[in-house]
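Throughout, a chain's letter reflects where its sequence line sits, starting with A, and its residues are numbered from 1.
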There are 2 protein chains.
Amino acid sequence: MSKCEQCIVREFSSLKALTKDELLKISDCKTTHVIKKGDVIFEEGENVNGIYCIKDGICKLTKLSANGKDHIVKLVSKGELLGQRSMISEEPVNLSAVALEDMHVCFIPKTEVMGFFDKNNQFSMNVMKSICGDLKDADDHMVNIAQKTVKERLAEVLLYLHDTFGKNEDNSLKVQLSRDELASMIGTATESCIRLLSDFNKLELIELTGKKIVLKDINKLKKISRTV
Amino acid sequence: MSKCEQCIVREFSSLKALTKDELLKISDCKTTHVIKKGDVIFEEGENVNGIYCIKDGICKLTKLSANGKDHIVKLVSKGELLGQRSMISEEPVNLSAVALEDMHVCFIPKTEVMGFFDKNNQFSMNVMKSICGDLKDADDHMVNIAQKTVKERLAEVLLYLHDTFGKNEDNSLKVQLSRDELASMIGTATESCIRLLSDFNKLELIELTGKKIVLKDINKLKKISRTV
DNA sequence: GTTAAAAAATGATATTTGTCATATAAATGT
DNA sequence: ACATTTATATGACAAATATCATTTTTTAAC
């Protein structure tokens with residue numbers, strides 16, 4: 001069993017506040033999981049009795065909407081924790097988590113984590129800050145969807161993917177989403193998303209090669225997205 | 001100076017976890033404010049060095065979007081706290097707060113509140129839970145805006161206002177928003193909002209008398225909103 | 001490798017929503 | 001009480017976006 005104490009990923013999450021002793025306790029009770037691309041980590045409505053720490057890979061958090069379509073609320077990657085909100089609220093998870101690539105995750109049972117809240121104030125503060133960050137992002141996101149056009153949102157999402165997850169050697173975006181997934185991040189119909197990508201391609205703002213997307217004119221994309 | 005210990009409103013917020021001693025400390029350092037309808041409590045980007053406890057009245061939390069329009073993110077009323085996220089994140093507030101009616105609020109300085117996080121775990125948990133609730137609401141809201149039509153969203157907001165803030169003796173919604181504000185809750189143009197209200201009126205789902213709105217057919221509104 | 005299935009792309013069209021112009025009504029200040 | 005501003009309402013039209021149909025391309029299965 002791998003030791004949490006030696007896990008670098010921990011440094012990026014709220015867990016960085018834990019002491020050596022606390023980490024040893026986690027090492028003992030955590031379970032490690034290999035998750036294949038497309039696999040479901042948990043599903044909306046489930047009781048997830050603990051949190052997942054992402055060691056490697058990226059997943060999407062989705063929510064089923066009234067019309068039966070999934071909406072991607074957030075992408076989560078290495079170093080981040082899943083299931084914090086649900087654990088604190090003592091409610092089922094409100095989002096589903098699905099792997100976008102092969103992942104390594106560790107599961108830490110609720111009982112263990114809740115103990116840290118009492119004893120380790122820095123840990124509590126870290127968790128609070130991370131949830132506060134999510135809340136701020138959600139507010140921003142909400143206003144974007146409400147007030148920006150689909151084109152603006154597409155440009156913004158492309159820039160977000162670029163800035164957050166980086167690019168491969170061939171300059172293409174590291175996170176490869178299907179058109180359908182891209183559409184469900186933006187909140188639009190798949191066809192509309194495809195059409196706009198084609199437009200961006202023709203305008204030489206991006207370059208499409210199969211599923212690969214290369215951002216060719218970041219400044220113009222920024223202008224379109226009105227991020228600047 | 002009014003005493004926090006005797007304030008009923010406290011029972012509805014995270015502050016209910018505070019001890020008598022802690023409440024006495026707050027009573028000493030808090031400031032009370034009367035806020036007129038339309039007054040700004042704080043503005044996006046400001047440093048609010050503490051939290052506001054709403055004793056009476058309702059306010060809107062808005063965020064300026066890229067196109068210069070305000071979007072109403074949330075309505076907040078009696079018993080709720082303002083400025084928690086900002087305080088915990090140690091960042092300026094990301095939303096503006098504007099009174100929708102005359103309000104009474106108390107301001108508790110950050111220095112005081114932060115002390116409670118260390119010493120009173122129940123208080124910390126309450127704050128966390130309340131922020132987690134906000135996050136869940138924000139996710140729901142986001143997906144609604146992304147996937148529902150304006151008509152569905154209008155029906156939903158009307159029902160929300162009805163269920164959350166109740167009605168007057170004449171059955172009209174207690175919270176009176178302008179068409180403009182209603183539109184900015186829904187994320188649509190004012191004219192579109194007005195038009196749909198007229199439609200609902202003609203279909204006898206609601207009754208419009210000046211600014212007053214009476215919900216006449218809640219079941220049909222629920223069907224339209226796809227809340228059921 | 002061939003076939004079946006899924007994803008992406010595109011056209012045609014319908015629907016929704018926004019914008020601009022203008023009219024009417026209500027609120028406000030003097 | 002009047003004028004002035006502001007909010008509400010409505011029509012006409014334009015733009016954005018969704019939907020449906022169809023084709024092409026890619027991926028996966030055998």
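Rounded to an integer number of Å, the gap from NZ of B:K211 to C1' of C:dT28 is 12 Å. The CG atom of A:L197 sits 10 Å away from the P atom of C:dA8 (whole-angstrom rounding). Here C:dT24 presents its P atom at 16 Å from CD1 of B:I194, a figure rounded to the nearest Å. Atom CG of B:L196 is separated from atom C1' of C:dT15 by 13 Å (rounded to the nearest Å). Remark: P of D:dA9 and CG of B:L182 are 11 Å apart, rounded to the nearest angstrom. Atom-to-atom, CG of B:D199 to P of D:dG11 comes out at 10 Å; the value is rounded to the nearest Å. The separation between A:E191 atom CD and D:dT22 atom C1' is 12 Å, rounded to whole Å. Rounded to an integer number of Å, the gap from A:R179 CZ to D:dT27 C1' is 14 Å.
Residue A:T188 places at least one side-chain N or O closer than 4.0 Å to OP1 or OP2 of D:dA18. Between A:T190 and C:dA7 there is no side-chain N or O to OP1 or OP2 distance below 4.0 Å. Residue A:S192 has a polar side-chain atom (N or O) positioned under 4.0 Å from OP1 or OP2 of D:dA18.
Backbone-only engagement by A:T149 is indicated by non-hydrogen atom pairs under 4.0 Å involving sugar-phosphate atoms exclusively.
Counting heavy-atom neighbours within 6.0 Å of A:K110 NZ, excluding the residue itself, gives a total above 12.
A salt bridge links A:E91 with A:R85: the distance from a Lys NZ or Arg NE/NH1/NH2 to an Asp or Glu carboxylate oxygen falls below 4.0 Å.
Residues A:L159 and A:S225 form a side-chain contact, since some pair of their non-hydrogen atoms from C-beta on lies under 4.5 Å apart. You'll find the side chain of B:L215 stays beyond 4.5 Å of the side chain of B:L161, heavy atoms only.
For B:R195 against C:dT19, a side-chain N or O and a base N or O form a donor-acceptor pair under 3.5 Å.
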